[in-house]
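Working notes for the structure below.
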Number of protein chains: 2
Amino acid sequence: MKIGELARRAGVSPHTIRYYERIGLMPRAGRDAGGRRDYDASALVWLGFLGRLKTTGMPIRDMLAYADLRAAGEATAPARHDLLVAHRARVAAHLAELIDSLAVLDTKIAGYAGAQSSEVDDDDANPDPDRNPL
Amino acid sequence: MKIGELARRAGVSPHTIRYYERIGLMPRAGRDAGGRRDYDASALVWLGFLGRLKTTGMPIRDMLAYADLRAAGEATAPARHDLLVAHRARVAAHLAELIDSLAVLDTKIAGYAGAQSSEVDDDDANPDPDRNPL
DNA sequence: CTACGACTTCGAGCGCACTCCAGGTCAAGC
DNA sequence: GCTTGACCTGGAGTGCGCTCGAAGTCGTAG
């Protein structure tokens, strides 16, 4: 498939894909007779995985480290494993922070909902600790 | 309290606090005889709340909108409420995405753990759907 | 044959959220 | 009196992750 289709399917722009190739995040794509990039399904899978890493807040330089290990062959599997485990821990921590902050947000919202022109700002009014996180 | 102490207590740099004041995210602080900023506890609470908004991914321009409404008085309480509710929805959506991606990460990690030099990359090997998100 | 859209490279530009620097002021301790 | 450290202002610089523009090539439809 061409870069346009890959981009559409992965939910990114062709610009982004070229940028990823430039910095080494995508392997250099094979070209057709006219010099255009031609991708197979594995490129889509890899882009999808990169998207997961991005969603979970991994900086590009870390993705690059992972990509480089991957390109270096099977011997780097343990290192890649460790990288993912470390990243997982950071994601879990961030997730906990988010859930925490969501509760604060809900408290604040409850304050606004419960108070008609009474003071609401700058304090944790109307606590409602048993609120469902989602 | 002085800016240094506020910064330490809020977990940000004095630079950041001055920056927030410059862009209108913090109200202009009162000054002492020597022209230095002097804060009371409410500044710390407000900074803490800004931190929550930041943790949950709110861009500064949106915080600014909230801060402006807040500065405009009690009449804007409904608007502020709506702003927070909308933000809450985005946070919840992001949270769901994160949990999803964490599961993918766990699948990948399980693949690395379970396979000695067998192919692991580029596919969702060894699914384990009942894994605990945290 | 021609027009069109999708592609190519390279380099510059952008938005965000800080972060730092220069050059100066001020208050307290020795 | 002098040093030290925290503070002041205004403006420039940084790192990240794209995003865009210019100028040109290619392949298919009409």
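Residue numbering restarts at 1 for every chain, and letters A, B, ... go by the order of the sequence lines.
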Next item on the list: For R36(B) and for M63(B), find the nucleotide of DNA chain C with the closest heavy atom, then tell me which residue's nucleotide is more 5'.
Entry: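 By nearest-heavy-atom nucleotide position, the 5'-most residue is M63(B).
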Item checked: Interatomic distance, I99(B) atom CD1 to T56(A) atom OG1 [nearest 0.5 angstrom] ->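 If we round to the nearest 0.5 Å, I99(B):CD1 and T56(A):OG1 are 13.0 Å apart.
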Check: How far does the helix from dC1(C)-dG30(D) to dC30(C)-dG1(D) bend, going by the axes of its first and last five pairs, to the nearest 10°?
Finding: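 The helix from dC1(C)-dG30(D) to dC30(C)-dG1(D) shows an end-to-end axis angle of 10°.
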Check: First and last nucleotide of DNA chain C touching chain B, 5' to 3', heavy-atom cut-off 4.0 Å?
Finding: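 On DNA chain C, the outermost contacted nucleotides are dC16(C) to dA27(C).
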Taking the side chain as every heavy atom from C-beta outward, state whether [X] and [Y] have any pair of such atoms under 4.5 Å apart.
{"X": "I17(B)", "Y": "Y39(B)", "answer": "yes"}
{"X": "I23(B)", "Y": "I60(B)", "answer": "yes"}
{"X": "M58(A)", "Y": "R61(A)", "answer": "no"}

Note to self: On the nucleotide dT9(D), are OP1 or OP2 found under 4.0 Å from the side-chain N or O atoms that R37(B) carries?
What the structure shows: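 Yes, within the criterion.
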Check: Among all residues two or more places apart in sequence or in another chain, which pass the side chain to side chain donor-acceptor pair (under 3.5 Å) test with D62(B)?
Finding: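 So D62(B) forms no side chain to side chain donor-acceptor pair (under 3.5 Å) with any residue.
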Next item on the list: State which residues pass side chain to side chain donor-acceptor pair (under 3.5 Å) with R36(B); sequence neighbours excluded, sorted by chain then number.
Entry: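 Not a single residue meets the side chain to side chain donor-acceptor pair (under 3.5 Å) criterion with R36(B).
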Main chain of [Y], side chain of [X]: is a donor-acceptor contact present, judged purely on distance under 3.5 Å?
{"X": "W46(B)", "Y": "L25(B)", "answer": "yes"}
{"X": "D38(A)", "Y": "M1(A)", "answer": "yes"}
{"X": "T76(B)", "Y": "A72(B)", "answer": "no"}
{"X": "S13(B)", "Y": "T16(B)", "answer": "yes"}

Could you state the [atom1]-[atom2] distance from [X] to [N], rounded to the nearest angstrom?
{"X": "D38(A)", "N": "dC26(D)", "atom1": "CG", "atom2": "C1'", "result": "14 Å"}
{"X": "I60(B)", "N": "dC16(D)", "atom1": "CD1", "atom2": "P", "result": "18 Å"}
{"X": "H15(A)", "N": "dT19(D)", "atom1": "NE2", "atom2": "P", "result": "9 Å"}

Item checked: Heavy-atom closest contact (L102(A) atom, A92(B) atom, distance) ->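 In this case the closest contact between L102(A) and A92(B) is CD1-N, 4.5 Å.
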Notebook entry, point to check: Would K108(B) count as a cation-pi partner of F49(A), with NZ or CZ less than 6.0 Å from the six-membered ring centre and within 45° of the ring normal?
Noted result: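 Relative to the ring axis of F49(A), which defines the angle, K108(B) lies inside both limits.
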Notebook entry, point to check: Any side-chain donor paired with an acceptor under 3.5 Å for Y112(B) and R80(A)?
Noted result: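 Yes - a donor-acceptor pair under 3.5 Å links their side chains.
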Checklist line | Sugar-phosphate only, base, or nothing, as touched by P14(A) at under 4.0 Å among non-hydrogen atoms | finding: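 Contact class for P14(A): none.
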Margin query: Expected output is a numbered-order residue list: members of residues 16-33 of chain B with a heavy atom under 4.0 Å from any atom of DNA chain D. What is it?
Written below: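 Within residues 16-33 of chain B, the residues near DNA chain D are R18(B), R22(B), R31(B).
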Distances under 3.5 Å only, N/O to N/O: pair up the protein atoms with those of nucleotides 28-30 of chain D.
none

